[in-house]
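A quick write-up on the structure given underneath.
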Amino acid sequence: MKYFEKVKNKIEYKKDAIILGIESSCDETCASVVKGGREVMSNVISSQIDIHKRYGGVVPEIASRNHTMSVVSVVDEALKKAGVTLFEIDAIAVTYGAGLVGALLTGVTYAKTLCYALDIPLIKVNHIRGHMSANYLQDKSLQPPFLCVVTSGGHTAILKVNDYLSHEFLGGTLDDAVGEAFDKVAKTLNLPYPGGPQISKLALEGEANIQLPKMLKNEKNYNFSYSGLKTAVINYVHTKQQKGEEFSKADLAKSFEVSAIDVLVEKSELALKSHNFSTVVVCGGVGANDYYRKEMQKMADKNKFKLVLPEKIYCTDNAAMIASEGYIQYYYGKDLSDLDLNAVPQIKL
Ligand code: KG4
Ligand code: ZN
């Protein structure tokens with residue numbers, strides 16, 4: 001008999017099930033205990049930023065090795081902080097993709113091992129569905145339908161979330177993701193990794209007085225493009241350097257931020273109005289950007305839409321969002337996995 005069939009027979013679908021979430025898709029080893037899909041009992045994040053900073057970005061092999069070294073203690077700490085033992089966990093939810101394959105494998109392997117030892121269900125979670133579910137932690141009364149704007153390092157998309165289990169893709173980036181553009185622009189300006197928060201900080205001191213393209217702004221669809229904007233920033237810097245002219249990095253950071261974010265806010269507004277939605281939620285690392293948060297709030301207030309903005313710690317990678325999404329899968333009996341679960345570097349949204 002398959003493992004998940006064996007444990008499925010044992011499951012009592014408890015409304016207040018306690019799920020242990022494990023996330024290791026990139027450079028953060030995370031574990032969290034969440035009750036009933038909405039109540040965070042602990043949320044532990046062990047960041048490798050200081051290690052990867054030296055290389056100007058995430059080095060996949062180094063990330064895997066560090067996950068291997070810290071996953072056991074991170075899970076232990078999450079259990080301790082939540083005040084529960086492994087025997088009180090109803091199921092384990094783990095990110096199986098998308099992400100760096102070696103990094104993912106660490107979390108997947110540890111989750112499989114624990115499930116096998118404890119004889120409890122293993123739930124496979126798509127990282128981006130996890131980001132979306134961060135909103136259920138933020139707003140305990142949030143229920144679909146709503147519109148979800150995904151802005152992470154690998155994805156930029158507008159989704160219709162019709163119910164707890166499914167979503168519909170309205171549009172997304174045709175090339176780079178918005179987070180990726182923040183990171184590349186930061187590199188061009190010689191700012192340390194990770195670039196997004198650095199640009200955000202620098203932009204606070206600058207003015208949006210440099211003309212940069214707002215790609216696909218006037219197209220009445222939900223597509224985005226960030227590679228042209230990124231190239232425009234690189235060209236601006238090169239031209240200034242070739243002419244030996246000084247320029248304000250802060251003004252360039254602010255101008256870039258405004259060009260990158262305004263299109264997102266405008267297209268979110270268009271999607272809300274065209275699809276008759278009154279609730280919009282934000283997710284993914286760029287959701288931690290203050291200018292974006294402020295502009296989304298202004299747009300929502302103007303139209304009397306409800307906006308859910310996860311706390312910044314739940315915008316960037318964490319395992320609470322994985323446990324929350326895992327709870328949905330557990331509750332509806334979906335995506336229970338077998339012990340042959342593998343890491344998948346790329347998954348379609
Ligand atoms: O969701 P996330 O933590 O990981 C992925 O699933 O990709 O997103 C990481 C991305 C990075 O590109 C990072 O630079 C960006 O989110 N980011 C930010 C900010 N904080 C993180 N971008 C702009 N402003 C920020 N404050
Ligand atoms: Zn992420």
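Order of listing sets the numbers, starting from 1, for every ligand and every atom in it.
Between the side chain of T156 and the main chain of V178, a donor-acceptor pair closer than 3.5 Å is present. For the pair D175 (side chain) and Y226 (backbone), a donor-acceptor distance under 3.5 Å is present.
In this structure, K254 is positioned above the aromatic face of Y291, its NZ or CZ under 6.0 Å from the six-membered ring centre and within 45° of the axis. Remark: K124 is positioned above the aromatic ring of Y96, its terminal NZ or CZ atom under 6.0 angstrom from the ring centre and at most 45 degrees off the axis.
Atom numbering of ligand 1 starts at 1 in the shown order; those under 4.0 Å from a heavy atom of G196 are 14 (O), 18 (C), 19 (C), 22 (N), 23 (C), 24 (N), 25 (C). Ligand 1 places these atoms under 4.0 Å from at least one heavy atom of G154: 7 (O). Residue contact check: N289 has heavy atoms under 4.0 Å from atoms 23 (C), 24 (N), 25 (C), 26 (N) of ligand 1. Which parts of ligand 1 touch G284 is read off a 4.0 Å heavy-atom cut-off, strictly below it: atoms 1 (O). Near G179, meaning under 4.0 Å from one of its heavy atoms, ligand 1 places the atoms 12 (O). Proximity to H127 (heavy-atom distance under 4.0 Å) selects the following atoms of ligand 1: 6 (O). Numbered from 1 in the order shown, with element, the atoms of ligand 1 that lie under 4.0 Å from a heavy atom of D183 read 11 (C), 12 (O), 13 (C), 14 (O).
At least one N or O atom of G285 sits closer than 3.5 Å to an N or O atom of ligand 1. When only interatomic distances are considered, the shortest N/O to N/O separation between I128 and ligand 1 does not fall below 3.5 Å. The shortest N or O to N or O distance between G153 and ligand 1 is below 3.5 Å.
Classification of E266 and K214 as a salt-bridged pair fails, no side-chain N sitting under 4.0 Å from a carboxylate O. Residues D290 and K312 are paired through a salt bridge, judged by an N-O separation under 4.0 Å between the basic side chain and the carboxylate.
The Zn ion (ligand 2) lies closest to atom OD1 when only the N/O/S atoms of D317 are considered. Here the N, O or S atom of H127 that is nearest to the Zn ion (ligand 2) is NE2. Per residue H131, closest N, O or S atom to the Zn ion (ligand 2): atom name NE2.
When heavy-atom distances to ligand 1 are checked against a 4.0 Å cut-off, P194 has no atom that comes that close, whether in backbone or side chain. Contacts between H155 and ligand 1, counted as non-hydrogen atom pairs separated by less than 4.0 Å, are absent for every part of the residue.
Taking all heavy atoms of D317, I199, N318, T316 into account, the minimum distance to atom 4 (O) of ligand 1 is reached by D317.
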task = Apply the test side-chain hydrogen bond (donor to acceptor under 3.5 Å, both in side chains) to residues S70 and T29: give CA-CA distance (whole Å), side-chain angles for both, the deciding distance (0.1 Å), then the verdict.
result = CA-CA 7 Å; S70 51; T29 320; 3.2 Å; yes
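How far NZ of K267 is from NZ of K220: 8.5 Å, rounded to the nearest 0.5 Å. The structure places CG of L165 at 8.0 Å from CD of E325, a figure rounded to the nearest 0.5 Å.
Residues D317 and H131 meet the side-chain proximity criterion, which asks for heavy atoms closer than 4.5 Å.
Not a single heavy atom of C26 sits closer than 4.0 Å to an atom of ligand 1.
Taking the six-membered ring where tryptophan is involved, the planes of Y136 and Y164 are tilted, since the angle between them lies from 30° to 60°.
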